[in-house]
A.B. asks: 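Provided herewith is a single structure, encoded as structure tokens, for subsequent inquiry.
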Amino acid sequence: MTTEKKVEEAVADVPPDVVSVTSDKDKEAELTDSVTSAGFTTTRLELWAFYLYYVGNNGLSGFNFGPSQFQNLLFLAGYDPSQPPYTAPCTSDSGCVLPYLGEIRDVNSIVLLTNGISFAIQAVVLLVIGAWADYGSWRPNITIGFTVLAVAISFAWLGVEDPSRWQAGVALYMLGLITYQGALTFWTAAFPGLARNLPEVQKSAHEVISGQKDEQEHTDFESLSRNRVSNISFTVCSVGEVVILAIMVGIIQGLRAGDSTENNTRAFSVLIAFSGGVWFLCALPWFFLEKRRPGLPLPPGASLLTIGFKQTYVALRECMRLKQTFLYLVFYFLMGDVLNTTVTVIGTLQNSVVAYSTMQLTLLLVVGIVAQAMGIYLFWLVQKKYKIATKPMLCFNVFWIIVGFPPRYLFLALSPISQVLTIWGLIGVHTDKFGFKHVWEIWLYQVFYGLMVCPWYAYSQTMISEVSPLPQMFLFFALFSVVGKTSAFIGPLVSSAIITASGNNNNMPFAFLFGLGTASTIFLYMVDVKKSRVECDDFVKAEARRDAFGSGLE
């Protein structure tokens, strides 16, 4: 194969296994290919189909109402631990326990434990099939498959409306999380290619070739374009989600959810099914309009069942040589664990505080999603106006994840020891005055989370593309996805054990999360993006000689 042919393949949407960038001529050929690959140019229609899919895959079924219904069923099926088993129902003032996996556990502990098991299964599944996003044209089919399964599971909740069927709720809860995350992961895998094939990015590459722009300007412009696609997708999703939630308020009123516990429980299942139906309708344009850009050929000696394990091994091995990538990988592992677990813990406390009211939870989501849309879009407007790089934006965002507290305590940010979001929950270990134990705290949390925390989901994803070698971009996206899912099940399992060991104190996990979150930020601040680009360039040249991603997989 000629060098020119290798370079042509290297700049395709899903890069090849071997790329050599050893001269200015090669770099020019790479830029030329990005301009001339008009067959895969991202159209406005395709881009908006990408955005619309996320409006449907918003998490309402698998990530919001599914967990709430699951916990609601557990609460209704459980009993007061201070009384003989099953003689007294649970109340908001008493504990609530059920036998689960060989032990009597608090319902919040059961939710966290089930959540951890679900994420562990996700990690294994993605380890096996996550690599398929890199090879052939499998990825769109997998996205479709996960989406159809997730929608079917959403409708299956209509058959689980009685507390006696809480065991079935366990299965649907786990399957809902797995299919939601699976669909989201493979949809996200299309993001780097869409951004790179935008007409304006191709035009920028042409300007480099013609001498109107230097290569660094193009690199910065492409980075900003990735941020635009990522942030706009989250903003559009948030706006669409508000519309969906507004319709849900009408559904709740029509079902008279507030009249009885039975009506409220049924309303949960109807809302899950409705969100699943909306997801399917929003996904259809993406199913038909996504360009099936070519992927890698499967390496000799590898099969679809083994390529994931081999690919992850190679990525981990090579990541050790990419110091900046490795530092960000460690940060992403730790902070992802902190954020996922914190949201889950607060979510369980929130459900208890509002007594599993579908109306209250829906209105809280409306406030949270409106704040999310404003927060993500405002972050993007500031970044766009001042052309701020990805890392500073992420650092600012992480500061608010760690240093998060109600506005009246804002002056404490100036002190050496700042209040933290997890400390707010930790206060509730020894008092009932604070610590996500009152409705006003939950409302405040939703606003704060939307405005200052949710941009994490956009910037942490874009940052992966900043510290990964271009020719193996999807490989490293898959690695970060597996790492993210691995960290996501450790936190809930540890938190569940902490709750059980502390005598069912639901606020105790915040101590663990505070320490872990503080430690993780050190690794982010150590990441040097400019050094990462040099390391990635050297890595690409070395791998062109070693062929690590080709025959090295045999």
Side-chain angles (χ1 to χ4, degrees), residues 223 227 315-346 379 383 388-405 409-410 412-426 448-449 452-468 476-477 479-495 498 508-536 539:
S223 173
N227 278 284
L316 282 171
R317 183 190 72 196
E318 303 307 324
C319 195
M320 299 301 177
R321 297 171 52 214
L322 299 168
K323 181 181 177 182
Q324 309 307 316
T325 310
F326 179 72
L327 288 172
Y328 185 67
L329 184 72
V330 175
F331 160 77
Y332 188 80
F333 178 89
L334 297 175
M335 182 55 72
D337 192 17
V338 170
L339 188 56
N340 286 329
T341 307
T342 300
V343 170
T344 302
V345 172
I346 295 176
F379 266 65
Q383 183 183 22
I388 303 172
T390 304
K391 183 191 171 182
M393 294 300 298
L394 182 60
C395 287
F396 180 73
N397 173 232
V398 168
F399 172 82
W400 288 105
I401 294 175
I402 297 298
V403 187
F405 37 83
Y409 292 92
L410 191 59
L412 291 176
L414 302 176
S415 67
I417 303 176
S418 299
Q419 283 274 22
V420 293
L421 189 62
T422 48
I423 282 184
W424 191 257
L426 190 58
F448 173 79
Y449 177 77
M452 307 308 298
V453 176
C454 282
W456 153 269
Y457 299 104
Y459 287 106
S460 63
Q461 169 184 289
T462 307
M463 188 67 181
I464 297 172
S465 64
E466 299 285 322
V467 296
S468 299
F476 284 88
F477 258 86
L479 173 63
F480 275 84
S481 182
V482 170
V483 165
K485 295 302 176 292
T486 302
S487 70
F489 76 78
I490 292 176
L493 291 177
V494 172
S495 297
I498 290 173
M508 191 59 77
F510 287 111
F512 160 70
L513 296 170
F514 165 62
L516 193 61
T518 302
S520 70
T521 58
I522 298 172
F523 294 95
L524 175 61
Y525 288 108
M526 291 172 64
V527 175
D528 187 318
V529 176
K530 290 185 178 180
K531 284 185 179 180
S532 178
R533 289 171 183 166
V534 173
E535 290 177 358
C536 287
F539 167 82

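All residue numbers in this chain count up from 1 along the given sequence.
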A.B. asks: Is there side-chain contact between Phe331 and Val398, with heavy atoms separated by less than 4.5 Å?
C.D. replies: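 Yes - at least one pair of side-chain heavy atoms lies under 4.5 Å apart.
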A.B. asks: Begin from the C-alpha positions of Tyr328 and Ile464 and carry the test side chain to side chain contact (heavy atoms under 4.5 Å, CB included) through to its verdict.
C.D. replies: CA-CA 8 Å; Tyr328 185 67; Ile464 297 172; 3.8 Å; yes
A.B. asks: How about Leu322 and Ser532: do any of their side-chain heavy atoms sit closer than 4.5 Å?
C.D. replies: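 Result no, sub-4.5 Å side-chain heavy-atom pair not found.
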A.B. asks: Is there a side-chain contact between Leu524 and Met335, using heavy atoms and a 4.5 Å cut-off?
C.D. replies: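 They are not in contact (no side-chain heavy atoms under 4.5 Å apart), so the answer is no.
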A.B. asks: Quick one: does Val529's side chain get under 4.5 Å of Thr390's, heavy atoms only?
C.D. replies: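 Answer no - side chains too far apart.
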A.B. asks: Hey, are the side chains of Val527 and Met463 touching, using non-hydrogen atoms and a 4.5 Å cut-off?
C.D. replies: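 Side-chain contact under 4.5 Å: yes.
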A.B. asks: With rounding to the nearest 0.5 angstrom, report the CE to NZ distance, Met526 to Lys531.
C.D. replies: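 These two atoms lie 10.0 Å from each other.
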A.B. asks: How far apart are the C-alpha atoms of Met452 and Phe379, what are their side-chain angles, what is the distance that settles it, and do they pass the side chain to side chain contact (heavy atoms under 4.5 Å, CB included) test?
C.D. replies: CA-CA 9 Å; Met452 307 308 298; Phe379 266 65; 4.2 Å; yes
A.B. asks: About how many Å separate CG of Leu339 and CG of Leu334, when rounded to the nearest 0.5 Å?
C.D. replies: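 Those atoms lie 12.5 Å apart.
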A.B. asks: In Å and rounded to the nearest 0.5 Å, what is the OH to CG distance from Tyr525 to Leu394?
C.D. replies: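 Going from OH on Tyr525 over to CG on Leu394, the span is 9.0 Å.
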A.B. asks: Using the rule given for side-chain hydrogen bond (donor to acceptor under 3.5 Å, both in side chains), can you reason through Glu466 versus Ser223, listing the C-alpha separation, both sets of side-chain angles and the distance that settles it, and then say yes or no?
C.D. replies: CA-CA 7 Å; Glu466 299 285 322; Ser223 173; 2.4 Å; yes
A.B. asks: Hey, does the side chain of Ser468 reach the backbone of Ser465 with a donor-acceptor pair shorter than 3.5 angstrom?
C.D. replies: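 No, Ser468 side chain to Ser465 backbone: no donor-acceptor pair under 3.5 Å.
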A.B. asks: Output the distance between atom CG (Asn227) and atom CD (Gln461), rounded to the nearest 0.5 Å.
C.D. replies: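 Separation between the atoms: 10.0 Å.
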A.B. asks: Is the shortest heavy-atom distance from the side chain of Lys391 to the side chain of Asp528 under 4.5 Å?
C.D. replies: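 Counting from C-beta outward, Lys391 and Asp528 never come under 4.5 Å.
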A.B. asks: Are there more than 12 heavy atoms of other residues, nucleotides or ligands under 6.0 Å from atom OH of Tyr457?
C.D. replies: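 It does: Tyr457 OH has more than 12 such atoms within range.
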A.B. asks: Measure from the ring center of Phe396 to the ring center of Tyr459 and say whether it is less than 6.0 Å.
C.D. replies: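 Ring centroids of Phe396 and Tyr459 are no less than 6.0 Å from each other.
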A.B. asks: Is there a donor-acceptor contact under 3.5 Å linking the side chains of Glu535 and Thr325?
C.D. replies: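 There is no such pair between these side chains.
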